[in-house]
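Convention: sequence-line order gives letters A, B, ...; per-chain numbering from 1.
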Protein chains: 2
Amino acid sequence: MSTVRSAVKIDRDERAPPRERILAVAADLFYRNGIRGVGVEAIAEAAGTNKMTLYRHFDSKDDLVAEYLRRLASQANSAWDRRATRFPDDPRAQLRAWLTEMVEHIGATDDRGCALANAAVELPEPGHPARRVVEEFKTAQRERLIALCAAAGLNEPDMLADELFLLLEGARVTAQCMGRERLGDRLVRMGETMISAHEPKKR
Amino acid sequence: MSTVRSAVKIDRDERAPPRERILAVAADLFYRNGIRGVGVEAIAEAAGTNKMTLYRHFDSKDDLVAEYLRRLASQANSAWDRRATRFPDDPRAQLRAWLTEMVEHIGATDDRGCALANAAVELPEPGHPARRVVEEFKTAQRERLIALCAAAGLNEPDMLADELFLLLEGARVTAQCMGRERLGDRLVRMGETMISAHEPKKR
DNA sequence: ACATATAGATACTGACCGGTAACACCCATG
DNA sequence: CATGGGTGTTACCGGTCAGTATCTATATGT
């Protein structure tokens, strides 16, 4: 039940402004050790600064947490956009790319599941600012997936989207509770089976 | 970022021995507020006893946490056994019963996901005693599900079991991040679609 | 009635938490 | 050269944390 009170100073972008260094380091430590398991002092220290500067940029630890999650959410949105521009007018390819990218995340040995979902688990307080961020993110994620399934001309796009969404969400949370040997291939197979089950009838 | 430091005394089985009262109350508080969010003092108080007695029965808070999770795991195993005796020699019915019971849990407004999975998220420390409990539980759960799918004569029982397992795991973790309106019916439909997709060919 | 074991009560330890105050510093702009 | 904003440093605050020592009370079995 120990908390992280000192962390190795992280050397990314020594020249970056403190706010960015703090956010970068906080993302690392929050994800790896859990939000409640990291003290603000450890974050400041690892970012090569101190608590006072941290509190000049963030009103509170909760504020820092919310910003940490907001950044992750926006990165995920960028990933969607990136896939959209890489495979323009090919929603099916975007869907496949999303699936394989998610599977890669899950297969990584240092993956600890979805940081947003973890935050919701760690911070049950109903009014916590982090919870709003997570809620909006997950809802938007699902919407994008539904839209993609629909654009791909698949049957019952909302059902398929939920199947895929929940499958991968479950895989991410399960991967940190059990071994993940050969999980990747199996996941891709499951996902593609689901997709082809919603293939409109040829005629 | 506040922790629970005083809780309403819970009146279940005033006569029960302190160890049981402590475990009952700990289960409640750990689940609702998160493990790291509950102090041992609050548990002892809510159980109508005090910290000293708690520490006479448990070596440490981590020990109490591990026992809390072990009890949950054994309750889940009992549920499997109960379904087996209720529908003897009918694995298909046991599967359906498992699905609907899980969906009921997920639909409950006070559901906060799988307590075991939440514990794994909250306690990232690799050697934490709780992690072994969670790992063994999830593995056993998956094995039982595979065995059931196989006994039901379904195709590729391990793939189907994983699909169902991950679908529900994902649903439990997602339900606390988003709204769950009409999620229940959809889940049952998805599960049954998956099952029938593995139906052996009629001949 | 006595011995023993279990439980309750209170107070304490040392450590860590999130957050703040006061002050010295550096470096750019005027 | 002056001035002022962002930064670093140190010390501190009240509060909570897990865990322990000590002593009293109660119940049980003989």
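Here D:dG19 presents its P atom at 9 Å from NZ of B:Lys61, a figure rounded to the nearest Å. Here the P atom of nucleotide D:dT9 and the CG atom of A:Leu54 are 14 Å apart, to the nearest Å. One interatomic measurement links the two molecules: CG of A:Asn33 to P of C:dC16, which rounds to 16 Å at whole-angstrom precision. The separation between A:Glu45 atom CD and C:dG18 atom C1' is 16 Å, rounded to whole Å. Following rounding to the nearest Å, A:Tyr55 (OH) and D:dG8 (C1') show an atom-to-atom distance of 17 Å. Going from atom CD1 of A:Ile43 over to atom C1' of C:dG19 covers 14 Å, rounded to whole Å. In this structure, the CD atom of A:Glu125 is 14 Å from the P atom of C:dG18, given to the nearest Å. As rounded to whole Å, 15 Å separates atom P of C:dG18 from atom CZ of A:Phe58.
Salt bridge status for B:Glu122 with B:Arg112: absent, with no side-chain N to carboxylate O gap under 4.0 Å.
Minimum heavy-atom separation, B:Leu23 to B:Glu67: CD2-CG, 3.8 Å.
Under the side chain to side chain contact (heavy atoms under 4.5 Å, CB included) criterion, A:Tyr55 pairs with A:Val40, A:Lys51, not counting sequence neighbours.
Each of A:Arg131, A:Arg132, A:Lys138, A:Glu136 was compared with A:Val134 under the side chain to side chain contact (heavy atoms under 4.5 Å, CB included) criterion, and only A:Lys138 meets it.
In the displayed structure, A:Asp89 atom CG is contacted under 6.0 Å by at most 12 heavy atoms of other residues, nucleotides or ligands.
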Report summary line: Reading nucleotides 3-10 of chain C from 5' to 3' and marking B where a protein heavy atom lies under 4.0 Å of the base, S where only the sugar-phosphate is that close, and - otherwise, the string is ----BBB-
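Classified by interplanar angle (parallel below 30°, tilted 30° to 60°, perpendicular above 60°), the ring pair A:Trp80/A:Trp98 is parallel.
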